[in-house]
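From a predicted model like this one, the values you see are computed outputs, not experimental measurements. The analysis underlying the following values was restricted to heavy atoms, covering all of them including side chains, and did not include hydrogens, waters or symmetry mates.
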Protein chains: 2
Amino acid sequence: MSTCGQSMKLTASPFPSPEEKRSTRAAKRDAVLRAAVQMFNERGFHQTSLDDVAASLGISKPTIYHYLGNKDQVLLECVKIGLGQLIAAAEEARAHSGTGADRLSAFLARYAAINMDDFGRCVIRTGDEALAPESRERFRDLKRQIDSHMRNLIVEGIADGSLAPCDPKLAAFTIAGALNWPARWHDPAGNESAVDLARQMIALLSRGYLPR
Amino acid sequence: MSTCGQSMKLTASPFPSPEEKRSTRAAKRDAVLRAAVQMFNERGFHQTSLDDVAASLGISKPTIYHYLGNKDQVLLECVKIGLGQLIAAAEEARAHSGTGADRLSAFLARYAAINMDDFGRCVIRTGDEALAPESRERFRDLKRQIDSHMRNLIVEGIADGSLAPCDPKLAAFTIAGALNWPARWHDPAGNESAVDLARQMIALLSRGYLPR
DNA sequence: TCGAATATATACTCATGAGTACATTGCATG
DNA sequence: CATGCAATGTACTCATGAGTATATATTCGA
């Protein structure tokens with residue numbers, strides 16, 4: 001998933017091709033974003049200075065500015081990566097065979113797992129207010145896309161009878177809320193597997209807490 | 001629910017009793033917190049300066065410092081109020097008669113509604129990192145209490161057979177997550193009633209999204 | 001009536017951290 | 001080989017906003 005620039009090829013020529021240079025650059029940018037997102041998740045965006053991020057990589061702040069325009073953009077890129085993963089998950093789920101409920105389940109499992117991962121966590125933990133107006137619009141728009149995907153899956157499930165009839169908007173918000181929340185409490189270093197957790201949460205959401 | 005200092009008594013003496021003075025002072029402190037929480041919820045804690053809060057009340061920053069120690073304390077008091085409401089709700093629910101499921105439902109309804117209210121929203125929207133270390137501990141501790149109440153209700157419900165067997169910790173987090181999320185999207189000025197919304201979300205959570 | 005305490009304002013200080021100016025190195029290419 | 005761009009560092013600027021020093025008015029109690 002990450003663009004890895006440390007090429008392992010045997011002929012480690014000291015003369016990188018333009019192609020290699022491009023990917024080296026991308027790898028550095030990636031490294032900055034990865035370092036940033038981890039600190040944002042740990043201490044929060046406003047408690048993290050770009051000096052801190054730079055220091056954690058053993059570089060200096062202007063180097064970050066060489067790869068990214070400003071702090072707002074750093075955050076925006078982070079959430080864009082997370083949201084990109086979520087959108088990809090939605091598109092994969094749509095391709096699945098089976099009932100609407102099956103497709104929804106597949107999506108939700110990925111959705112939950114992503115939200116416990118670095119970039120996904122950042123999406124959840126970032127309040128719209130943290131971003132500058134234009135970035136905020138972008139952010140909101142992408143989130144709306146995810147929501148829309150989820151609602152569509154729900155509507156399809158209701159249509160084919162594999163889901164109980166309900167208000168799709170409300171259902172999407174409710175389910176998403178439940179699966180977003182681990183971004184706040186789940187410890188990625190702990191011993192609870194994200195995938196396991198996701199499975200259990202989805203089981204509960206699908207069957208409800210009342211006995212059947 | 002709010003301490004209202006504008007006494008309506010007919011004999012509006014210009015010589016307030018010590019009792020009245022105490023309550024006037026409390027009312028002013030309340031007003032500061034209310035103004036603060038609203039701005040925090042709207043623009044976020046870090047985007048809100050105490051100068052802004054003061055201006056919104058037609059007073060000046062030092063006046064706020066006269067009633068509250070510092071910005072961290074302003075935030076802490078806000079979340080303490082919200083958490084106080086939640087704890088009260090838990091205690092009321094515990095007193096209810098009926099099955100464990102009934103008590104849980106009663107609690108959840110209040111829980112959800114509070115989370116759409118000023119102080120409850122602030123509890124949800126405030127990340128632990130925003131607070132100073134000691135306040136953060138306080139905050140976490142109170143949140144743990146709520147969680148513990150919720151888990152107890154779930155355990156009781158499972159014990160009396162009114163709830164499906166499940167891992168109480170996971171169930172509590174899942175349900176809480178779903179009911180917390182409206183703090184992020186619900187518009188208190190909109191036309192969707194918080195109580196209605198709460199009812200519907202709980203219905204979905206209790207019965208699940210699969211057909212029965 | 002004098003002094004203490006309360007309530008409020010004006011006008012500061014001062015740390016932090018985003019963002020920049022500028023120097024440097026090194027490779028790459030006309 | 002000179003010029004120019006990519007990559008990086010050092011050392012700044014500058015706005016913001018938390019928190020404070022200090023002045024003033026009011027009220028209450030001795």
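For the helix from dT1(C)-dA30(D) to dG30(C)-dC1(D), the end axes, each set by the C1' atoms of five terminal pairs, are bent relative to each other by 20° (nearest 10°).
In terms of the side-chain hydrogen bond (donor to acceptor under 3.5 Å, both in side chains) criterion, H96(A) has no residue partners (sequence neighbours excluded). For A109(A), the side chain to side chain contact (heavy atoms under 4.5 Å, CB included) criterion is met by I202(A), not counting sequence neighbours. Scored by the side chain to side chain contact (heavy atoms under 4.5 Å, CB included) test, L204(B) finds A171(A), T174(A), Y209(B) as partners (sequence neighbours excluded). Residues satisfying the side chain to side chain contact (heavy atoms under 4.5 Å, CB included) test with I81(B), not counting sequence neighbours, are L33(B), Q85(B), F119(B). Applying the salt bridge (Lys or Arg N to Asp or Glu O under 4.0 Å) criterion to R138(A), with sequence neighbours excluded, gives no partner residue. Residues passing the side chain to side chain contact (heavy atoms under 4.5 Å, CB included) test with S148(B) are N152(B), sequence neighbours excluded. Partners of D52(A) by side-chain hydrogen bond (donor to acceptor under 3.5 Å, both in side chains), not counting sequence neighbours, listed by chain and number: R43(A), S49(A).
Backbone-only engagement by K28(B) is indicated by non-hydrogen atom pairs under 4.0 Å involving sugar-phosphate atoms exclusively. Counting non-hydrogen atoms under 4.0 angstrom, S49(B) reaches the backbone sugars and phosphates but no base.
Less than 4.0 Å separates DNA chain C from at least one heavy atom of each of the following residues of residues 64-75 of chain B: H66(B), Y67(B).
Straight-line distance from the CG atom of L50(A) to the P atom of dG9(D): 14 Å, rounded to whole Å. The separation between H46(B) atom NE2 and dT16(C) atom P is 16 Å, rounded to whole Å. Spacing between atom CZ of R29(B) and atom C1' of dT8(C) amounts to 18 Å, rounded to whole angstrom units. Taking atom CG of D51(A) as the reference point, atom C1' of dT20(C) lies 13 Å away to the nearest angstrom. Rounded to whole angstrom, the span from the CD1 atom of I59(B) across to the P atom of dA25(D) amounts to 20 Å.
OP1 and OP2 of dA6(D) both lie 4.0 Å or more from every side-chain N or O belonging to R25(A). Regarding contacts with the backbone of dG9(D), a side-chain N or O of S60(A) is found under 4.0 angstrom from either OP1 or OP2.
Separation of the W185(B) and F173(A) ring centroids falls under the 6.0 Å cut-off.
Pairs of residues two or more places apart, or lying in two chains, that qualify as side chain to side chain donor-acceptor pair (under 3.5 Å) and include a residue from residues 117-133 of chain A are Q38(A)-D118(A), R125(A)-E129(B), D128(A)-R140(A), D128(A)-K143(A), E129(A)-R125(B). Residue pairs satisfying the salt bridge (charged side-chain N to carboxylate O under 4.0 Å, His left out) criterion with at least one member in residues 53-69 of chain A, sequence neighbours excluded, are listed as follows: D51(A)-K61(A).
Side chain K61(A) to base dG19(C): a donor-acceptor pair is found below 3.5 Å.
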Please tabulate the protein-to-nucleotide N/O contacts below 3.5 Å involving nucleotides 13-15 of chain D, giving atom names and distances.
none

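Ion pairing between a basic and an acidic side chain is recognised when a charged N comes within 4.0 Å of a carboxylate O; R144(B) and D141(B) show such pairing.
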